[in-house]
Amino acid sequence: MPRLCDRAGCVRRAGLLVFFLLFLLLPASLVQAEEPEVTADAAILIDAQTGRVLWSKHGEERHYPASMTKMMTCLLGMNSLTPDSLVKISPLAAQTEDTPLQIAAGDTMRFEEILRGMMMASDNGAAVAIAEAADGSVPDFVARMNEKAAELGMTGTHFANPNGLTDEDHYSTPHDMARLAQYAMRNPVFRDIVRQQQRTIRWEEPAGKQLLVENTNELLGRYEGITGIKTGWTKAAGGCLAASAERGDVRLIAVVMHAASEEDRFTDMRRILDYGFAETTMAAGPTASACKRHVWVKGGVHSRTKVVPAGDIYYPLLPGESAEHYTISYDLPKVIAAPIEPGEAVGKLILSYDGQPVGSVDLIANPVEPGFSLGSWLVGVFEGVLTWL
């Protein structure tokens, strides 16, 4: 005759069965994935729109950034030179350590060609050539790199060169590199460069010289949704990688620094991005038009201009979170000075979760040319009053 369980045992087994069934019925968003195990000493994962930190391992720890540095070199070069600007290779650039583009002193290339070659092949000499073409000298260019880093809030960063070769005074953090990557990926030309897998790079002089270049980012074409960005490697820096990927409405940026090997940086990144896509959902917040503001303008042909976020607002949510806990506020001056360039950010929309700031979105002003108007003149006269109100 089968043995009957005692009453307490039956209750326990029934309770466990109910718990198991309830667990299976839980929404996927409430079942947390295991945090990624990575070889990198420091790493971070952020939401690409708001910059909210979704996961971090020593994200504020300083390390050598290696060739991730070239993200900044690329941006500043594009600000100073046109695609057709001619860049002549100096002896200093040609003699720089590690030049896979095989550039030689006296070579001449269009800026677009050497820029893409630098980013894809991670050519250190090309970075020197771009710095010299943009600012006349490497030290002047590096000074501008540090100015831009300060502007972007990269408080844990200092640049000593345009390519990332090891220098004790050249360092950054995963969070700062993620801030730089987030800013850079808003530029459509930058986005096009860092997602390109292969390209034939051509010279102006010597005529006919060309080289087929493969992107050093092995995730391109091999990881679902990957869109960039930049590798880095030196013996001192270890494996470094800044990467971006998107699936549906989830857009992620991640950075690893000082991974155990060149290959481990890619394995680490796959694990981090997998975790991000498993854990993150996006909830629609207010539209850009609903967040419209106006600011006063002095010294311009108009006295006021409209300010809106760079796009509609989406709230990144981790398991168990609710969009109802998000609030928004504005970090925006009441008076700004002309000229205001197209696409210029003049403030930030701050996102907070349970009262704690977690991210921001740039506020973009309609352009205003410098000049005179009575209203804008009065704004200048009464700026102190308008700022106080």
Margin query: For W203 and T108: C-alpha separation, side-chain torsions, deciding distance, then whether side chain to side chain contact (heavy atoms under 4.5 Å, CB included) applies.
Written below: CA-CA 6 Å; W203 276 244; T108 302; over 6 Å; no

Ion pair present between [X] and [Y], side-chain N to carboxylate O less than 4.0 angstrom?
X	Y	result
K148	E151	yes
D176	R179	yes
R186	D362	yes

Using a 6.0 Å cut-off, check whether atom [atom1] of [X] has over 12 heavy atoms from anything other than its own residue.
X	atom1	result
E168	CD	no
R247	CZ	yes
Y223	OH	yes
Y353	OH	yes
R304	CZ	yes

Straight-line distance of [X] [atom1] to [Y] [atom2], nearest 0.5 Å:
X	Y	atom1	atom2	value
F111	R116	CZ	CZ	10.5 Å
L115	I193	CG	CD1	4.0 Å
N124	N161	CG	CG	8.0 Å
S85	M109	OG	CE	13.5 Å
R251	T50	CZ	OG1	9.5 Å
D354	T327	CG	OG1	8.5 Å

Could you check whether any side-chain heavy atom of [X] comes within less than 4.5 Å of a side-chain heavy atom of [Y], counting everything from C-beta outward?
X	Y	answer
L317	T280	no
L101	L211	yes
T200	V213	no
M185	Q182	no
D274	P36	no
V346	I364	no
F266	N217	yes
T73	M145	yes

Notebook entry, point to check: Which residue pairs pass the side-chain hydrogen bond (donor to acceptor under 3.5 Å, both in side chains) test with at least one member in residues 369-389, sequence neighbours excluded?
Noted result: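 Applying side-chain hydrogen bond (donor to acceptor under 3.5 Å, both in side chains) to every pair that reaches into residues 369-389, excluding sequence neighbours, yields K298-E383.
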
Next item on the list: With sequence neighbours excluded, tell me which residues meet side-chain hydrogen bond (donor to acceptor under 3.5 Å, both in side chains) with D98.
Entry: none

Margin query: With salt bridge (charged side-chain N to carboxylate O under 4.0 Å, His left out) as the criterion, how do D84 and R110 come out once you've worked through the C-alpha distance, each side chain's angles and the decisive distance to 0.1 Å?
Written below: CA-CA 5 Å; D84 291 326; R110 291 174 58 246; 2.6 Å; yes

Notebook entry, point to check: With sequence neighbours left out, what residues match Y64 under ring pair (Phe, Tyr, Trp, His ring centres under 6.0 Å)?
Noted result: none

Next item on the list: Pick out which of K209, R202, K88 makes a salt bridge (Lys or Arg N to Asp or Glu O under 4.0 Å) with D107.
Entry: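 Single salt bridge (Lys or Arg N to Asp or Glu O under 4.0 Å) partner of D107 among K209, R202, K88: K209.
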
